[in-house]
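Here's the structure, in structure tokens; my notes come after.
When reading the values below, keep in mind they use all heavy atoms of this one structure, side chains included, and skip hydrogens, waters and symmetry mates. Starting from 1, each residue takes its place in the sequence as its number.
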Amino acid sequence: MTPNNLPSLAPIVPPLLDWYAASARVLPWRSDPTPYRVWVSEIMLQQTRVEAVKPYFERFMAALPDIPALAAVEEDTLLKLWEGLGYYSRARNLKKAAQLLCERHGGQLPASVEALCALPGIGPYTAGAIASIAFGIPAPAVDGNVLRVVSRILAYEADIATPAAKTAITQAVAAVIPEGHAGAFTQALMELGAMVCLPVGAAHCADCPVRMHCEGHRRDMVDRLPVKAPKKPRRVEHKTVFVLYDGPRTALRKRKAGGLLGGMWELPNADGELTPDQAEEVLAQWGIRGALTSLPAAKHIFTHVEWHMVGYRVQVTQILENPHLVWVEKQALSEQYALPTAFRAYMPFANR
């Protein structure tokens, strides 16, 4: 028995490692698992699919090949490299951590779970992944995929969102990390969750290398596991987005620091879904007059909030001084300014 009284995961270790050795996907960060590359890939992979991350990772590594380069990069350049990945605080925390690493660790990631957890943007899972994959340290790396896999293997019916459940499963994983194969074991569990033991209704149990040791499969419980409390419904916010253009220039503004998309460049917008008359009133308050054309409605989903948007393209005829607006040429808009994916539906109109 493991320290938390769950059954041992030991029987899955040999078949899981054999399967991973034979079936692991070829991924750019796996081909050269230096600490820096593992770190950046793990941060990018949070909330983002592997296939979406691949080109971003390659471009990021080409532009910022090491920690000193990351520490020194201008924020706008960093965010442009990150544009489209979302959750931009991840990129800012990468830079903050890189600066601390240059100040305190000689520009290198420390080979210690505790020291890794002290860096901005690195929690227990990411620290465990870096420690095990890059340094071979027997540290567990337990994320949502691993929670799902282990809860099914052990037929564990507690709510996996609770701290007690996360602790129990983390201890169960930690207890069986094979000596000399920590990195392979960590990645094998990740791979199993990504390719085989998929969310409800999609699991490929017939292809699972550990199904003979899976209590969830034996008891026909796979589609009932893991147990998760219902999520709270997302809050809906209504927005009106303006694509303001003056000849070849488009208007941008920077959001206030902190909060949702804090400090990001954005297309100017206002709260509420405004009628054309209301939109003209808002523009007048900004010192702008012009001809309005309605744009299609759009929606963007954040973790806890949904934006329901209407839009207007505005051919500007009068501009008074407005310190909050920056007028950007088309080439600079596409090459220098990073805009959140929330505005993706309206960017084709800005780039026209």
Would you sort out whether Gln331 and Glu335 count as a side-chain hydrogen bond (donor to acceptor under 3.5 Å, both in side chains), showing the intermediate values?
-> CA-CA 6 Å; Gln331 184 173 354; Glu335 295 179 1; 3.3 Å; yes

Is it the case that the side chain of [X] and the backbone of [Y] share a donor-acceptor pair, with hydrogens and angles ignored and the cut-off at 3.5 Å?
X	Y	answer
Arg152	His217	no
Lys80	Tyr337	yes
Thr317	Arg289	yes
Glu83	Leu339	yes
Thr48	Gln46	yes
Thr240	Gly272	yes
Tyr346	Pro296	yes

Is there side-chain contact between [X] and [Y], with at least one heavy-atom pair below 4.5 Å?
X	Y	result
Val40	Trp29	no
Ile133	Arg30	no
Pro68	Leu101	no
Leu189	Tyr20	no
Met347	Leu333	yes
Ile130	Phe135	yes

Thinking salt bridges, do Asp271 and Lys239 make one under a 4.0 Å N-O criterion?
-> yes

So, taking the atom named [atom1] in [X] and the one named [atom2] in [Y], what distance separates them when rounded to the nearest 0.5 Å?
X	Y	atom1	atom2	result
Trp286	Ile319	CH2	CD1	13.0 Å
Trp82	Glu75	CH2	CD	13.0 Å
Leu260	Ser89	CG	OG	10.0 Å
Leu85	Arg90	CG	CZ	5.5 Å
Thr293	Tyr312	OG1	OH	10.5 Å
Leu116	Ile137	CG	CD1	7.5 Å

What about the rings of Phe302 and His300, do their centers lie closer together than 6.0 Å?
-> yes

Heavy atoms of other groups near [X] [atom1], more than 12 under 6.0 Å:
X	atom1	result
Gln278	CD	yes
Arg104	CZ	no
Asp220	CG	no
Arg25	CZ	yes
His304	NE2	no

Hits for side-chain hydrogen bond (donor to acceptor under 3.5 Å, both in side chains) against Arg148, two or more places apart or cross-chain, chain-then-number order -> Asn145

What closest approach, in Å, do Cys205 and Val222 show between heavy atoms, and which atom pair accounts for it?
-> SG-CG2, 4.0 Å

Plane angle bin for Tyr36 and Trp39 - parallel if under 30°, tilted between 30 and 60°, otherwise perpendicular = perpendicular

Val149 and Val196: side-chain contact (heavy atoms from CB on, under 4.5 Å), yes or no, with the steps?
-> CA-CA 9 Å; Val149 168; Val196 177; over 6 Å; no

